[in-house]
A.B. asks: 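Have a look at this one before I ask anything.
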Amino acid sequence: MRVLLVEDEVRLADNLAAALRDGPGFAVDCAADGLSGDNLAGNRCYDLIILDLMLPRLDGLSLLRRLRARGDSTPVLILTAKEGKQAIIQLLNSGADDYLAKPFDLGELIARSKALIRRGKGQSHPVLSALGLEVNTLEQTVRRNGVLVDLSPTEYRILEYLIHHPRRVFSKRDLLEHLYDYNWEHHSNVIEAHVSNLRKKLDAAVPGAEPVIETLRGRGYRMAVGPEHTIEPG
Amino acid sequence: MNQVKRSRSIAFHLIAAVLAVELLSSLLVGILSYGYERHIHFHAFDSILHGRVDSVIGAVQDAGDVDDNVMLDTADLHVPKDDIYEVFNSRGELLGRSPNWTGTSAPPAIPPHRHATFSEIKVNGREYRLLTQQGSRIVDPGDPGGGKLRHVTVIYGAPTERLWRAIHAAVQFYAAGSILLLAVTGPLIAWLLHRGLAPLRQLATLASRVSADSWHFSPPASARTTPELAPLTTAMENVLQRLERSFTQQRTFVSDAAHELKTAVAVVKSSLQLLGLRPRTQAEYQAGLERTLADTQRLEELVAKMLTLARVEDTGAAPGLPATVDLVQSMQQAAAELETVAKLHKIKVTMESPADEPVMVALTQEDCSLLLSNLLLNALQHSPPESTVELRTALQKERNTAEFSVRDHGEGIDPADLPRVFDRFYRSDPSRTRSTGGAGLGLAICKAVAERAGGSIALASQPGQGTTVTVQLPLTPNPDAASQLA
């Protein structure tokens, strides 16, 4: 998952980015002012935008309105030092999905971020299941038919991303965009290697089982959910 | 509000004044009408008396005696029965008298050159007006020589009761009319005043809706067009605008301050929580604690700066003694204090000041060093290495001011940011200066200090060339007291 963090207070931005990378393993891009935040958000590669309200050059509320005006439906979590019902009502009515008042709890920020990403992808439960796979996004563990599969952080992130939309085809570019921030070198063969390892580990967990990740030549990857399969809820 | 209620209203005063004037004028009307009626009635009455006297003189007849005397023949004399009369001949003998009168004691003397005199008398308990008039009668006018002229004096009186009654009736009529007028005009004036003061009430109603939450004040058109209310309305609008501006500024400051403080606390909190997110190595903990300590120091500095600003801006707190300080000496001190910072950034600080002469300004030593070191630090932070920061103190004796300026050769300030550089919490380049710890309060504090001392501060900048901050401060009259401070 890739998060855009728009916060002008450098130290706070550093801490939040570190926490989001460390904890749920998100890729995080930081913008120190509203305009560069707006520019980055224009790439549409984010699964969540965390937005401070008081920003130089373009304030958070205006940025939020610009986002929504151009039809960007990325979940937005607002960080605010403002108080009062009116300000919060105005925020939510302007298209914010959630808010946190400063000074906030880092654990709460992470939990809300995860929930917003999940909801943004149409999932409500933190444990996602498909094809006998069970991805627990809280513990960051993966089981296949009840057997625990040990994955590297990147492999886990790829699987987590894929299983949020089990039927969708993701190109390598999609995966690159959503799993790495701008500080990474973009090489699609990195993805190929990780997906290959991930597939091997998942298939080795239950010998003789069908492969869970399909490769569609020239198009990308998807969870191998045939038409006869249904996704068990939660 | 209570005081307003206790004193009587303008309407009450106006109504009372109008009624008093009306009462006074109706009194005057009463007095004048009394005099006028009296004059008119007496004039008519006197004419009647003259006529009656003529009738009485007509009744004086030739007595037919040897001496050609005259007598009064009352047989054909018809006068009102209440009237009284007497007729005397020239010798003062009584010729005749009305039966209802005992007569005057003696024939009245008529002053010379006067044909007739009036007098008042009381007969049988009634007031009479008497006319005493000379008359003449020619006896035997057919005789040779034209007959003999006989003089008579006639005293004729008529009761004046009816006359007075008529006068009184007329005056009463006027008086009653006046009172009726008073009774009618009182409520009428009250009603008219109520209507006339409606714009004032409208203005008051609209003004009472103004509060700290809603500053909207649109005076009614009537208040704007009424000459008496227009100045008041304009004054109210101006006051409200100024109040709103200062309220908004204050509110913005509080909101900004809350934002800054909460953000600073959020930094500290997140630093600590980040550290506790997962187990870490000793070195990681060490580094994290150091970062958190630095964050806490920044929070501490922010609080200190906000308190300084609050203290400096608190114009209500009067300084105990009129303080004075030598600007030149303070400049040297500030430069000495920040020497290490300057060396660290490899910046040269030059100083220029009037030779051998203290420049005394009305600041405490604390405030002066706050002002100068803030400005110098600012200049140092915005100077590239190997550049020069120029400090300059100058006297402008003709304007009785001291001028202190700090010039750096840094990157300068964007013209768009210039109008706001003295605003509290304003940072032209937030992400950059924040990492150096600026809270955007330094220049605001400088401005407050300079203005508190009755001076001013200005900033001129050319992008790429550098920035010059100039402070103008009024000179203090007595430099002697300051040498002790130094």
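These figures come from a predicted structure and were not determined experimentally. All values below come from the heavy atoms of this structure, side chains included, with hydrogens, waters and symmetry mates left out.
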A.B. asks: Chain A heavy atoms under 4.5 Å from L274(B): which part of the residue, side chain, backbone, both or neither?
C.D. replies: both
A.B. asks: Would S270(B) and K102(A) count as a side chain to side chain contact (heavy atoms under 4.5 Å, CB included) if you check the C-alpha gap in whole Å, the side-chain angles of each, and the deciding distance to 0.1 Å?
C.D. replies: CA-CA 10 Å; S270(B) 63; K102(A) 288 182 188 176; over 6 Å; no
A.B. asks: Taking C-beta and beyond as the side chain, do D256(B) and M54(A) meet within less than 4.5 Å on heavy atoms?
C.D. replies: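 Yes, at least one pair of side-chain atoms sits under 4.5 Å.
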A.B. asks: For the atom pair CD (Q273(B)) and CG (N15(A)), what is the distance rounded to the nearest 0.5 Å?
C.D. replies: 10.0 Å
A.B. asks: Which heavy atom in L12(A) sits nearest to a heavy atom in T263(B), and how many Å separate them?
C.D. replies: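 Shortest heavy-atom separation between L12(A) and T263(B) comes out as CD2-CG2, 4.3 Å.
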A.B. asks: Run the side chain to side chain contact (heavy atoms under 4.5 Å, CB included) test on I110(A) and L277(B) for me, step by step, so that the C-alpha distance in whole Å, both residues' side-chain angles and the decisive distance to 0.1 Å come before the verdict.
C.D. replies: CA-CA 11 Å; I110(A) 291 169; L277(B) 216 55; 4.2 Å; yes
A.B. asks: Given the options L275(B), L272(B), V265(B), which has more heavy-atom pairs under 4.5 Å with chain A than any of the others?
C.D. replies: V265(B)
A.B. asks: Using a cut-off of 6.0 Å, state whether more than 12 heavy atoms not belonging to D150(A) lie near its atom CG.
C.D. replies: no
A.B. asks: Compare every heavy atom of R11(A) with every heavy atom of S271(B), then report the nearest pair and how far apart it is.
C.D. replies: OG-NH2, 3.2 Å
A.B. asks: Is the shortest heavy-atom distance from the side chain of L79(A) to the side chain of K262(B) under 4.5 Å?
C.D. replies: no
A.B. asks: Does any non-hydrogen side-chain atom of R280(B) lie less than 4.5 Å from one of D22(A)?
C.D. replies: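 Answer yes - side chains close enough.
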A.B. asks: Side chain, backbone, both or neither: which part of L55(A) has an atom under 4.5 Å from a heavy atom of chain B?
C.D. replies: neither
A.B. asks: Answer yes or no: are there more than 12 heavy-atom neighbours, outside Y99(A) itself, under 6.0 Å from its atom OH?
C.D. replies: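 No - once you tally the heavy atoms of other residues, nucleotides and ligands closer than 6.0 Å, there are 12 at most.
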A.B. asks: Under a 4.5 Å cutoff for heavy-atom pairs, which residue among T80(A), L106(A), L109(A) has the most contacts with chain B?
C.D. replies: L106(A)
A.B. asks: Would you say that more than 12 heavy atoms from the other residues, nucleotides or ligands in this model lie under 6.0 Å from the CZ of R44(A), or not?
C.D. replies: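 Yes, enclosed.
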